Enquirer: 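Following this message is one structure expressed as structure tokens.
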Amino acid sequence: MKRLDLIFSERELDAMLKSLEKAEVPGYTVMKHVTGRGPERIVSEDMEFTGLGANAHVIVFCPEHNLEKIKAYIQPVLSFYGGVAYVSEANPL
Amino acid sequence: MKRLDLIFSERELDAMLKSLEKAEVPGYTVMKHVTGRGPERIVSEDMEFTGLGANAHVIVFCPEHNLEKIKAYIQPVLSFYGGVAYVSEANPL
Amino acid sequence: MKRLDLIFSERELDAMLKSLEKAEVPGYTVMKHVTGRGPERIVSEDMEFTGLGANAHVIVFCPEHNLEKIKAYIQPVLSFYGGVAYVSEANPL
Amino acid sequence: MNTSLILQNVLTPPVLFFFLGILVVFFQSDLEIPSPLPKLFSLYLLLAIGFKGGVQLEASGLAPPVISTVFAAIGMSLVIPLICFCILRIKFNVFNSAAIAAAYGSISAVTFITAESFLESQGIPFDGFMVAALAIMESPAIIVGLLLVKLAAPKERPIERVMRWREILHESMLNGSVYLLLGSLLIGFLTAAFNPSGVTKMQPFTGKLFYGVECFFLLDMGIVAAQRLPSLKKAGSFLIAFAIGMPIFNAFIGVLVAKALSLQPGNALLFVVLCASASYLAVPTAMRMTVPEAKSSYYISTTLGLTFPFNIVIGIPVYMGLVNRIIPLTT
Amino acid sequence: MNTSLILQNVLTPPVLFFFLGILVVFFQSDLEIPSPLPKLFSLYLLLAIGFKGGVQLEASGLAPPVISTVFAAIGMSLVIPLICFCILRIKFNVFNSAAIAAAYGSISAVTFITAESFLESQGIPFDGFMVAALAIMESPAIIVGLLLVKLAAPKERPIERVMRWREILHESMLNGSVYLLLGSLLIGFLTAAFNPSGVTKMQPFTGKLFYGVECFFLLDMGIVAAQRLPSLKKAGSFLIAFAIGMPIFNAFIGVLVAKALSLQPGNALLFVVLCASASYLAVPTAMRMTVPEAKSSYYISTTLGLTFPFNIVIGIPVYMGLVNRIIPLTT
Amino acid sequence: MNTSLILQNVLTPPVLFFFLGILVVFFQSDLEIPSPLPKLFSLYLLLAIGFKGGVQLEASGLAPPVISTVFAAIGMSLVIPLICFCILRIKFNVFNSAAIAAAYGSISAVTFITAESFLESQGIPFDGFMVAALAIMESPAIIVGLLLVKLAAPKERPIERVMRWREILHESMLNGSVYLLLGSLLIGFLTAAFNPSGVTKMQPFTGKLFYGVECFFLLDMGIVAAQRLPSLKKAGSFLIAFAIGMPIFNAFIGVLVAKALSLQPGNALLFVVLCASASYLAVPTAMRMTVPEAKSSYYISTTLGLTFPFNIVIGIPVYMGLVNRIIPLTT
Ligand SMILES: Nc1ncnc2c1ncn2[C@@H]1O[C@H](COP(=O)(O)O)[C@@H](O)[C@H]1O
Ligand SMILES: Nc1ncnc2c1ncn2[C@@H]1O[C@H](COP(=O)(O)O)[C@@H](O)[C@H]1O
Ligand SMILES: Nc1ncnc2c1ncn2[C@@H]1O[C@H](COP(=O)(O)O)[C@@H](O)[C@H]1O
Ligand code: NA
Ligand code: NA
Ligand code: NA
């Protein structure tokens with residue numbers, strides 16, 4: 001199994017989750033109110049009240065064959081709005 | 001060393017942490033207010049106020065030999081209440 | 001690429017992030033309000049209001065060569081104040 | 001006359017804010033009341049309603065109408081889940097039936113609060129001891145629900161899951177919302193009895209703020225309720241019919257019992273609302289722990305997505321009409 | 001005279017708490033108002049100001065001054081971003097210019113609230129219908145900003161990013177803060193019209209608490225504003241000059257329009273403040289979604305880090321001086 | 001007589017809610033006040049108590065009793081940690097002794113607030129300037145604690161850990177809670193001096209709500225305190241005896257100093273409570289940063305788990321009895 005870590009702006013969360021469901025992942029976990037720094041932006045907690053929101057961190061444990069489909073869906077979103085996606089190995093306990 | 005990711009309903013957190021302590025893990029980290037979707041349920045933030053709570057995400061860095069014990073403790077909990085457990089490799093910096 | 005997981009007291013967060021920036025990591029992600037147990041301390045959510053704060057969990061995806069520099073910066077902080085740092089493999093999707 | 005009552009109910013701030021919340025989902029606005037703010041409002045409302053109820057209970061004392069009403073309330077919360085269970089078994093398995101039945105036997109504090117606001121806006125008096133009925137009706141249905149599972153599905157559960165009584169009583173009596181409500185009731189009672197100036201000093205917090213916080217909370221409840229609707233569609237038409245029909249049926253029984261107890265119209269409405277409302281706080285959390293085999297989306301989407309909005313908007317004034325018709329006014 | 005007004009403004013609790021917040025960052029104190037508490041205050045203020053505005057609007061009715069003011073307000077929120085855009089294009093690309101221009105065409109509710117508090121502390125009357133102007137001025141500038149991007153940079157965007165009108169209207173009209181303000185305005189109006197006792201019952205929440213929550217929120221705003229300053233330095237002196245000069249210029253136009261509308265001094269000040277203030281709620285969120293090419297640090301650090309503090313502390317009393325000089329008092 | 005005072009204290013809403021919180025842990029109810037709500041209450045209480053104190057300070061002016069009381073307060077917060085340190089060294093190393101000593105030299109704002117509520121419920125007057133003593137007593141003990149570490153353990157620390165004075169002053173004076181309390185005190189003072197109508201407008205927020213929020217916060221404090229008890233057991237009987245005996249001893253010195261200052265009974269009680277209470281806000285955060293070698297569970301479980309509940313429930317009325325006996329009433 002693979003572990004996928006997606007980090008991007010909370011405001012794109014709904015669209016991203018819809019993409020994941022279209023890619024038929026077996027499940028996902030979402031952590032909101034995440035902050036951070038990328039190549040371009042600093043996302044800080046104190047701006048959350050404005051509605052700009054913070055980042056979301058989505059973890060997906062899925063079989064390898066899901067990845068291609070997910071990539072196709074989310075690559076354009078990440079490249080336009082920013083965000084990162086990393087894959088690593090993980091096995092059920 | 002291994003990295004263990006446990007995701008399950010916040011309401012089972014206390015019992016789960018007790019199991020981990022019985023398995024003599026060197027430590028653990030807990031993130032609450034986590035949401036997500038599994039094969040059966042959608043867990044969403046807006047239901048937190050009802051007391052149903054959200055999910056908890058527990059990370060454990062532990063030596064491999066801990067895993068068997070942990071598995072024995074938590075497997076029945078996860079299979080009855082739902083939740084996932086994944087293992088991957090990790091090494092101290 | 002490597003994935004670095006740092007977990008330590010929120011009160012050291014600013015200093016830690018400055019160290020990461022000095023080590024020229026490409027970015028980082030911060031989760032606050034994280035609790036846990038280490039060899040010495042239990043960090044619980046109910047003490048957050050006192051100002052003692054909870055833990056922070058910082059994730060860094062970075063090339064391997066960053067690691068040495070990061071290690072040099074943060075090892076003394078972790079050994080004095082407590083906290084853990086683990087490295088694993090991760091690749092961009 | 002009922003239509004005019006419905007209109008009068010709809011044009012109060014709490015119900016209007018509830019609509020505003022529903023429309024958030026309908027219009028896909030990004031308005032959001034982030035967690036744990038709804039919890040803050042919910043804790044505040046329980047604390048305040050409990051405290052005020054305790055103060056009023058001390059004033060009225062444990063007079064006979066109080067005691068008979070409380071007993072009738074307990075009775076209703078034992079009988080209603082049994083009726084619900086029989087109806088639900090037509091379509092659902094034991095676990096789901098018992099969980100949903102327990103939810104409808106228990107009560108919704110916010111529906112009760114909204115009914116109180118409705119009575120106030122109509123100038124109809126009611127007694128503080130009804131809060132005691134509210135507090136006392138939260139738990140029994142949980143026990144009935146768990147008993148039903150225990151009796152009706154003894155073999156379908158793994159051995160180690162046989163419920164222990166301790167656990168059941170714990171989940172039903174010490175659930176956070178039950179505990180806070182009962183605790184605040186007791187504190188209100190003690191304060192009124194031994195330290196009346198304490199009551200005055202609490203008043204700006206528990207009294208004056210109440211209406212505004214209620215509105216704020218109902219704004220969130222509107223959002224939450226509307227978000228349950230899609231999963232209600234999946235649950236099917238039987239459950240949808242149940243979520244509307246059952247409250248009306250329960251209200252009817254409630255009105256007859258209220259008449260038998262010769263409650264005044266205000267108290268009668270509150271009693272009816274307790275019967276007609278369904279729990280989305282204490283019961284779901286207890287069921288999630290003790291009957292995880294039941295699908296939580298069933299008992300949550302019905303109680304929160306349909307029964308709650310129905311009661312808030314249409315139910316309360318309709319029940320008032322019922323009360324007015326069936327219970328003769330005695331001044 | 002203006003210096004005395006500035007001093008009188010500075011020595012009110014809201015402005016003092018704002019300073020206390022700024023000094024948190026300056027002294028590196030670890031005082032922090034953790035998320036989502038600022039959101040709670042911000043939601044509360046929008047709900048309360050909307051509700052009160054609606055109540056007052058119902059009292060005043062849709063008299064001619066109301067309608068002409070609202071139209072003038074819409075006009076200003078269309079014209080100001082165009083002027084800003086032209087000025088900003090000297091230094092910035094289309095995306096950044098349009099996003100900043102939209103922010104300055106829109107308004108800041110907290111600046112408006114502080115101006116109201118200032119008027120109250122000076123004993124100068126103003127009308128509730130100005131809240132309608134506030135609500136109505138939030139969105140149009142967003143649409144202008146997006147139009148500017150559409151017209152001025154048609155080829156610089158990837159095909160699939162051509163904005164759809166639905167999306168634009170959605171982001172501008174159904175943004176959480178716009179939605180809550182307009183919704184509460186409507187609820188206030190309806191409550192005042194059909195259920196006056198509801199207004200009285202809301203009063204402790206929406207009225208009496210307001211000033212205190214405003215102070216609490218401004219404490220946080222001080223922290224947030226001061227934290228923006230470093231990124232403002234990076235943005236360069238052109239943007240710094242813009243963030244101070246533009247509000248003054250807009251205030252000037254605003255005063256002339258207010259004179260033409262023959263607004264009373266209190267209303268005139270509020271109108272001027274709407275023109276001079278810049279949005280850090282609705283516009284940035286809309287721009288982040290629809291024009292991600294624009295650097296968010298530009299429009300946030302200018303509006304929050306400079307224009308907002310400037311208006312709160314110096315702007316409001318200076319604009320009051322301007323109003324007093326230009327608009328003759330008619331009692 | 002003391003037993004009756006204790007009973008009168010126990011039957012006030014704040015103390016009753018504190019008990020309700022303790023029982024949450026005892027009965028293992030799942031009632032929880034999720035973070036950051038306790039922070040909201042704590043920030044509110046500091047802001048409100050500071051503001052009110054500033055207003056009253058302005059009214060009383062810097063009369064001689066004010067100045068002598070403030071100096072005595074500083075003196076106590078320098079002397080108490082020294083005494084504590086000597087006692088604690090019997091059992092603990094330098095780091096732990098210094099950290100615990102600093103906590104007992106500093107104060108607990110919530111204990112102070114509860115004492116004020118107690119005085120109000122007893123109808124005993126007290127002066128606003130005592131809040132200044134409260135604010136001023138938070139920091140000095142931190143400096144004493146750090147000095148003790150510096151002097152008594154110079155060789156046990158790694159070179160790079162030698163504390164810099166800047167850091168020490170920063171942690172002691174600019175700690176979030178100290179900063180907010182002092183800042184609000186100053187704002188209250190300035191508002192009362194230059195803008196009296198601002199005081200009236202703050203009153204519903206800082207004044208009327210106070211008692212209710214205090215109750216809500218004490219509910220949480222009860223939960224938190226009871227959760228510390230297990231780790232207190234681990235800490236051993238010496239520390240348990242210290243956590244009860246030390247406040248009584250400090251209260252005794254406090255009463256004598258209050259007599260020497262010829263404080264009125266109300267002020268005397270507040271002074272005694274400042275001496276007897278221990279910090280769980282400013283000091284622990286400062287110690288965690290500057291003396292991480294000390295075991296935080298020691299200074300937190302004693303101050304929060306034992307000294308705080310003891311003072312709230314038994315200490316305050318007992319100290320009142322002491323004050324009544326030792327300080328002759330002069331009306
Ligand atoms: N190298 C990285 N390691 C960890 N998180 C990152 C990294 N780069 C970006 N992020 C996260 O992704 C978010 C969006 O990044 P950006 O692409 O700059 O908009 C940031 O706010 C971080 O939370
Ligand atoms: N494949 C998955 N990847 C990531 N998280 C998952 C996955 N499956 C389940 N989860 C998480 O585990 C929780 C419990 O799942 P469930 O077993 O359906 O009750 C879900 O709410 C998710 O947060
Ligand atoms: N083995 C571990 N696995 C996961 N998290 C850990 C582990 N050890 C420590 N931690 C985290 O690191 C924090 C600081 O640990 P400590 O070094 O004991 O101060 C703890 O509160 C935990 O959140
Ligand atoms: Na019911
Ligand atoms: Na403007
Ligand atoms: Na002390």
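Keep in mind that this is a model prediction, so the values were computed, not measured. Letters A, B, ... are given to chains in the order of the sequence lines, protein chains preceding strands, and every chain is numbered from 1.
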Enquirer: Which donor-acceptor pairs sit under 3.5 Å apart between chain D and chain E?
Expert:
unit_1   : atom_1 : unit_2   : atom_2 : d
D:Leu20  : O      : E:Tyr179 : OH     : 2.6
D:Val24  : N      : E:Tyr179 : OH     : 3.1
D:Phe27  : O      : E:His170 : NE2    : 3.2
D:Gln28  : O      : E:His170 : NE2    : 2.8
D:Ser29  : OG     : E:Leu174 : O      : 2.7
D:Asp30  : OD1    : E:Gly176 : N      : 2.5
D:Glu120 : OE1    : E:Lys201 : NZ     : 2.7

Enquirer: Which atom names give the shortest non-hydrogen contact between D:Cys215 and E:Met202, and what distance separates them?
Expert: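 Scanning both residues completely, I find the closest heavy atoms to be SG-SD, 3.6 Å.
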
Enquirer: If you round to the nearest 0.5 Å, how far is CG of D:Leu219 from CG of E:Leu47?
Expert: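 Here the rounded value is 7.0 Å.
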
Enquirer: If you measure from CZ on E:Phe194 to CG on D:Leu16, what distance do you get to the nearest 0.5 Å?
Expert: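 E:Phe194 CZ to D:Leu16 CG: 10.0 Å, rounded to 0.5 Å.
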
Enquirer: For each of E:Val178, E:Leu43, E:Leu186, E:Val199, tally heavy-atom pairs with chain D at distances under 4.5 Å, and name the one with the top tally.
Expert: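 Highest number of pairs under 4.5 Å: E:Leu43.
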
Enquirer: What residues, two or more places apart in sequence or in another chain, satisfy side-chain contact (heavy atoms from CB on, under 4.5 Å) together with D:Ile248?
Expert: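 Residues passing side-chain contact (heavy atoms from CB on, under 4.5 Å) with D:Ile248: D:Ile244, D:Phe310.
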
Enquirer: Where do D:Leu40 and E:Leu40 land on the side-chain contact (heavy atoms from CB on, under 4.5 Å) test, with the steps shown first?
Expert: CA-CA 10 Å; D:Leu40 171 66; E:Leu40 171 66; 4.1 Å; yes

Enquirer: Please classify the contact of D:Ile33 with chain E as side chain, backbone, both or neither, using a heavy-atom distance under 4.5 Å.
Expert: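 Contact with chain E is through both the backbone and side chain of D:Ile33.
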
Enquirer: Top residue by heavy-atom pair count (under 4.5 Å) with chain D, among E:Gly188, E:Gly183, E:Ala193, E:Pro204?
Expert: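 Answer, by heavy-atom pair count under 4.5 Å with chain D: E:Pro204.
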
Enquirer: Given a strict heavy-atom distance threshold of 4.5 Å, which part of D:Leu37 is in contact with chain E: side chain, backbone, both, or neither?
Expert: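 When you check distances to chain E, only side chain atoms of D:Leu37 fall under 4.5 Å.
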
Enquirer: Using non-hydrogen atoms and a 4.5 Å limit, figure out which bit of D:Phe210 sits close to chain E: side chain, backbone, both or neither.
Expert: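 The answer is neither part of D:Phe210.
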
